[in-house]
Amino acid sequence: MEVVIAPAEQLAVLAADAIESLVRSNPATVLGLATGSSPLKVYDELARRHEQERLSFARVRAFMLDEYVGLAADHPERYRNVIDTEIASRVDLGPGAVQGPDGLADDLPAACAAYEAAIADAGGVDLQILGIGTDGHIAFNEPGSSLASRTRIKTLTRQTRLDNARFFDDDVDRVPTHCLTQGLGTIMDARHLVLLATGPHKAEAVHQLVEGPISAMWPATVMQMHPHATVLVDDAAASRLQLGDYYRQTFESKPGWQGL
Ligand code: GLP
């Protein structure tokens with residue numbers, strides 16, 4: 001696991017560099033997209049490169065991590081719509097290039113199985129962008145999630161609903177109670193995991209993710225088992241890391257050619 005501690009703008013550039021280098025070497029790259037505020041600067045940087053540096057996503061396919069259950073198709077907080085607004089509509093991703101779990105399906109378990117099959121049919125995800133919840137969840141794999149889980153329905157914790165109430169007029173009762181989410185096992189199948197976290201409210205989750213024991217109580221700790229995981233954090237989110245000085249020193253002395 002590589003840990004990079006840097007200002008948020010620089011983290012976004014590093015993540016965008018990794019994505020650009022994949023897409024330039026393989027225009028049919030499969031990306032994993034995350035919602036939440038953490039990846040927004042990365043999406044801004046990708047949109048800028050698309051506009052100013054001819055970075056094309058025309059052959060890229062993308063899979064979303066998760067979706068609320070039951071939010072109307074035109075609801076602005078439906079993750080499908082959030083991803084369209086934040087990235088898909090700002091670059092040249094083709095029609096149908098982005099897929100997500102169908103939170104409006106009549107048969108939710110069948111929709112989850114179909115989603116797993118779609119990811120597999122695409123050859124799997126090359127690079128998965130991730131954020132982290134304050135309770136250590138990734139996608140919507142709340143504490144207690146099986147480390148081997150696949151796409152399925154989950155009940156959101158009170159904490160996650162409180163954290164996400166800001167997107168629902170600060171009214172926790174408007175936050176859906178259920179979601180469909182890629183499982184931890186699904187996420188672990190992606191070939192490169194790139195997690196972004198900024199702000200002091202993420203410090204404990206980041207400490208657990210990088211330095212805690214692997215445990216379903218902090219679902220993101222499963223990433224310690226991934227052969228290619230990158231954790232991009234600002235000073236505030238890194239403030240509880242025991243080996244913060246070592247991670248800084250490692251990044252400063254990293255060969256320029258290496259990339260993430
Ligand atoms: C939600 C999303 C996660 C995201 C998390 C953190 O729960 N399902 O994918 O990582 O929020 O969000 P933020 O980046 O806004 O802190």
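What you see is a predicted model, and the numbers here were worked out from it, not measured in a lab. As the structure lists them, so they are numbered: ligands from 1, and atoms in each ligand from 1.
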Any chance the side chains of Arg152 and Ser145 put a donor and an acceptor closer than 3.5 Å? yes
Pair Glu77-Asn81, side-chain donor/acceptor within less than 3.5 Å: no
Would you mind checking if Arg248 and Asp235 are paired as a salt bridge, meaning a charged N to carboxylate O distance below 4.0 Å? yes
Identify the protein heavy atom lying closest to atom 14 (O) of ligand 1, giving its residue, its atom name and the separation to 0.1 Å. Ser38 OG, 2.5 Å
Heavy-atom nearest neighbour of atom 3 (C) of ligand 1 within options Cys179, Ala139, Gly199, Gly36: Ala139
May I ask you to identify the nearest protein heavy atom to atom 5 (C) of ligand 1, giving residue, atom name and distance to one decimal place in Å? His137 NE2, 3.8 Å
Mark yes or no for whether Asn141, through its side chain, and Gln182, through its backbone, hold a donor-acceptor pair below 3.5 Å. yes
Closest to atom 6 (C) of ligand 1 among protein heavy atoms sits Ile132 O, 3.6 Å
Ignoring hydrogens and geometry, is there a side-chain-to-backbone donor-acceptor pair from Arg161 to Pro176 under 3.5 Å? yes
Contacting atoms of ligand 1, where contact means under 4.0 angstrom from a heavy atom of Asn164: 1 (C), 7 (O)
Show the atoms of ligand 1 that are less than 4.0 angstrom away from any heavy atom in Phe140. 1 (C), 7 (O), 8 (N)
One residue to check: Tyr79. Relative to ligand 1, which of side chain, backbone, both or neither has a non-hydrogen atom less than 4.0 Å away? side chain
Decide whether Ser56 and Asp92 meet the rule of one side-chain donor and one side-chain acceptor closer than 3.5 Å. yes
Thr35 versus ligand 1: do any nitrogen or oxygen atoms come within less than 3.5 Å of each other? no
Looking at Ser38 and Ala197, would you say the former's side chain and the latter's main chain have a donor-acceptor pair under 3.5 Å? no
Using a heavy-atom cut-off of under 4.0 Å, does the side chain or the backbone of Pro39 touch ligand 1, or both, or neither? neither
When you check the gap from the basic side-chain N to the acidic O, do Arg49 and Asp17 get nearer than 4.0 Å? yes
Heavy atom of the protein closest to atom 16 (O) of ligand 1 (residue, atom name, distance): Lys202 NZ, 2.6 Å
Side chain of Thr29, backbone of Leu22: donor and acceptor closer than 3.5 Å? yes
Could you check whether Asp44 pairs with Arg90 (Lys NZ or Arg NE/NH1/NH2 to Asp/Glu carboxylate O, under 4.0 Å)? yes
Heavy atom under 4.0 Å from ligand 1: found in Ala34's side chain, backbone, both, or neither? neither
Considering only protein heavy atoms, which is closest to atom 8 (N) of ligand 1, and at what distance to one decimal place? Asp66 OD2, 2.8 Å
Near Gly131, which atoms of ligand 1 are under 4.0 Å from a heavy atom of that residue? 10 (O)
Does ligand 1 have a heavy atom under 4.0 Å from the side chain of Arg166, from its backbone, from both, or from neither? side chain
Between Thr181 and ligand 1, which residue portion shows a heavy-atom distance shorter than 4.0 Å: side chain, backbone, both, or neither? neither
